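Here is the structure we will look at.
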There are 2 protein chains.
Amino acid sequence: MTPSSASTAHTSNTDFYASNDKLYVATDCIIFGFDDGDLKLLIFKRRVEPDSGIWSLIGSFVKIDEDVDEAARRVLKEITGLEEIYMEQSKTYGKVERDPGYRCISVANYALMRISDHDIELTQSHGAFWYTLQELPELALDHSEMVNDALAKLRRRARYQPIGFELLPEKFTIPQLQRLYESIYQRDLDPRNFRKKVLSLKVLVKLDEKDKLGSKRGAYLYRFDSEKYQELLESGYNFEI
Amino acid sequence: MTPSSASTAHTSNTDFYASNDKLYVATDCIIFGFDDGDLKLLIFKRRVEPDSGIWSLIGSFVKIDEDVDEAARRVLKEITGLEEIYMEQSKTYGKVERDPGYRCISVANYALMRISDHDIELTQSHGAFWYTLQELPELALDHSEMVNDALAKLRRRARYQPIGFELLPEKFTIPQLQRLYESIYQRDLDPRNFRKKVLSLKVLVKLDEKDKLGSKRGAYLYRFDSEKYQELLESGYNFEI
DNA sequence: ATAAAAAACGTATTTTAAACGCTTAAAATC
DNA sequence: GATTTTAAGCGTTTAAAATACGTTTTTTAT
């Protein structure tokens, strides 16, 4: 829920809301997931004014006794049922008129998750749906801007840190990893060069299993070597794809 | 003034909230300047509790009718006298206990400026001083963390966008530009390769003047071709140094 | 059987980065 | 006033990385 939806505000005292000189702090979550070879975004149909009926990101007010990123984790938990989601602060939106209902600044966070992991019923009960980036509708308030900014950040991050750990299932094939990068960058990559590059990073462990669903021939499954993955992450390695 | 100084709080209404029941929004500025071949930071001696007498960044509460980045620009203007400073949002700090005085979240912004440009008397009248990164003292609250984060961001930005426009005087030599990069990265660069690299970007215009102060022989002055600089900026070019 | 599709491995070419040598201009020293 | 010193400026060589593209392999569909 975005600030304006107010249903999760830390107080419901209406006298208080009437007073128009209060500055609220909220958090909104840009939740990226990967499934079916596509990067997707979890969005919601708003049930409150303004912009009721319009799609929006999920969010909440920050409580007085809660860290800002705690608030974001609380939202993520409420929506997906998951506690251990990769999350990173994106940007803070602070324009006076960004939310016509209240003076409210919003700290946007983006999260990366495996779509298959989450509690589908819980998500659906909140009126949430996964949309690919291509078919994404216009969003409420400044939420489209938030998505664009988060996407730009994700793309930039993917250049200097390996990514995929958070978005792919535990076992995955190299073509799947390639499709992830292709959907992040929205462009085709050469499969031979991609394979060479990711294998050169030495963070993949080849398994003795094959995935037979993706192709006729089937592709070997891999998993990340979490120790080496962590090292690579900390070394600030430049992962130019 | 940092949030704790409270002198600029946007409201003092205590009817609804007991005073420590209120969530404040502040902004703090990490002001980078370049001078004498060194990257420096503008910091202040705090005059209020907590941490009075300790060095800190400059900041202010965000007013109810003011955009968050407007607040940051207001602070910059108050301190330096300058309006057109390059400024970028760094990160938002939202831990409950980050400021023992109030529940206050802070949106940190970093600014880049030419030290020679600003109003020295104004700065000094605020108790402000320029410190190099090496001699930087421990700062109040979470301000040291803010500086480290902003520096990391500046370093990363310097890799994918040209920098210097904001930090160097209008006319500058290639060795000066090199010293800027060396002080950002805190490591030595090969002068021959550096020259080759920056000239290959085609954003420098060689002037017919020489700067005779920096060396016996003197070095040609250059200026940025702002049009090409802008193009380069927008192309998202990777400026690996 | 044979064609089609995607995986997997390999090689050649081009581009970019890193390392280093040499000359030049002007001030400082003898 | 010749010589040394210092940093600027230009160039070359070598190493590494990115890009382009060829070939073989495995399996399903026809």
Side-chain angles (χ1 to χ4, degrees), chain A residues 36-38 155 158-160 162 164 168-169 171-183 185 187-223 232 235-241, chain B residues 36-38 155 158-160 162 164 168-169 171-183 185 187-223 232 235-241:
Chain A
D36 265 338
D38 264 317
R155 285 187 179 131
R159 284 181 174 271
Y160 64 88
L168 289 172
K171 297 174 184 179
F172 55 88
T173 67
I174 289 181
Q176 277 174 345
L177 184 59
Q178 182 179 341
R179 252 165 263 129
L180 170 59
Y181 273 90
E182 287 180 329
S183 64
Y185 290 126
R187 71 180 171 93
D188 290 341
L189 301 171
D190 183 294
R192 295 156 293 189
N193 293 335
F194 182 84
R195 173 182 301 273
K196 214 185 308 169
K197 177 78 184 186
V198 293
L199 288 176
S200 78
L201 297 177
K202 309 270 182 211
V203 290
L204 297 187
V205 180
K206 189 175 185 173
L207 304 176
D208 261 339
E209 298 169 76
K210 277 195 169 186
D211 168 87
K212 313 286 283 183
L213 297 164
S215 72
K216 294 166 187 172
R217 176 178 171 180
Y220 279 106
L221 287 164
Y222 287 79
R223 64 171 179 79
L232 195 64
S235 75
Y237 177 80
N238 201 325
F239 187 64
E240 202 67 55
I241 284 279
Chain B
D36 264 338
D38 265 316
R155 286 186 178 132
R159 284 182 173 270
Y160 64 89
L168 288 172
K171 297 173 183 178
F172 55 89
T173 67
I174 290 181
Q176 277 173 345
L177 184 59
Q178 180 179 342
R179 252 165 261 130
L180 170 59
Y181 273 90
E182 288 180 329
S183 64
Y185 290 127
R187 71 181 171 93
D188 291 342
L189 301 170
D190 183 295
R192 295 155 294 186
N193 292 336
F194 182 84
R195 172 182 302 272
K196 215 184 306 169
K197 178 80 182 185
V198 293
L199 288 176
S200 77
L201 297 177
K202 310 266 181 215
V203 291
L204 297 187
V205 180
K206 189 175 185 173
L207 304 175
D208 263 340
E209 298 169 74
K210 278 193 168 187
D211 168 88
K212 313 287 282 183
L213 298 164
S215 71
K216 294 165 186 172
R217 177 176 170 179
Y220 279 105
L221 287 164
Y222 287 78
R223 64 171 179 79
L232 195 63
S235 74
Y237 176 82
N238 201 324
F239 187 63
E240 201 67 54
I241 284 279

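None of the values given here were measured: they were computed from a predicted structure. A note on names: the letters A, B, ... follow the listed sequences, proteins ahead of strands, and every chain is numbered from 1.
If you measure from atom CZ of B:F194 to atom C1' of D:dA7, you get 16 Å, rounded to the nearest angstrom. Atom-to-atom, CG of A:L189 to C1' of D:dA20 comes out at 14 Å; the value is rounded to the nearest Å. When rounded to the nearest whole Å, the span between NZ of A:K210 and P of D:dT27 equals 6 Å. Between B:N193 atom CG and C:dC22 atom C1' there is a gap of 15 Å when expressed in whole angstrom units. Look at CG on A:D190: it is 17 Å from P on C:dA12, rounded to the nearest Å. Summarising the geometry, the separation between CG on A:L213 and C1' on C:dA7 is reported as 15 Å, rounded to the nearest angstrom. Atom CG of A:L221 is separated from atom P of C:dA6 by 18 Å (rounded to the nearest Å). Atom CG of A:D211 is separated from atom P of D:dT26 by 18 Å (rounded to the nearest Å).
The CZ atom of B:R179 sits 11.5 Å away from the CG atom of B:L189 when rounded to the nearest 0.5 Å. Taking CG of A:L221 as the reference point, atom NZ of A:K206 lies at 11.0 Å (rounded to 0.5 Å). Between B:Y222 atom OH and B:L168 atom CG the span is 14.0 Å, to the nearest 0.5 Å.
Taking a 6.0 Å sphere around NZ of A:K171, one finds it holds 12 or fewer heavy atoms contributed by other residues, nucleotides or ligands. For B:Y220, the OH atom sits in a loose shell: 12 or fewer heavy atoms of surrounding residues, nucleotides or ligands are nearer than 6.0 Å.
When distances run from any side-chain atom of A:R192 to the nucleotides C:dA27, C:dG10, D:dG11, the shortest one goes to C:dG10. Ranking C:dA7, C:dA8, D:dA8 by closeness to the A:Y220 side chain, first place goes to C:dA8.
Applying a 4.0 Å cut-off to non-hydrogen atoms, the residues of residues 172-180 of chain A that approach DNA chain C are A:P175, A:R179, listed by residue number.
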Evaluate side-chain contact (heavy atoms from CB on, under 4.5 Å) for A:D211 paired with A:E209, printing each intermediate quantity in order.
CA-CA 7 Å; A:D211 168 87; A:E209 298 169 76; over 6 Å; no
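Looking at B:R217, its side chain has no donor and acceptor atom pair within 3.5 Å of the base of D:dA7.
A residue-by-residue look at A:L199 and A:K216 shows that A:K216 has its nearest nucleotide of DNA chain C further toward the 5' end.
Residue contacts for A:K197: at a heavy-atom cut-off of 4.0 Å it reaches the sugar-phosphate backbone alone, with no base atom in range. At a threshold of 4.0 angstrom between heavy atoms, the contacts of A:G218 are confined to the sugar-phosphate backbone, with no base atom among them. Among the protein residues, B:K196 comes within range of the nucleic acid bases, having at least one heavy atom under 4.0 Å from a base atom.
For the pair A:R195 and C:dA8, the criterion of a side-chain N or O lying under 4.0 Å from OP1 or OP2 is met.
Residues forming a side chain to side chain donor-acceptor pair (under 3.5 Å) with A:K202 (at least two apart in sequence, or on another chain): none.
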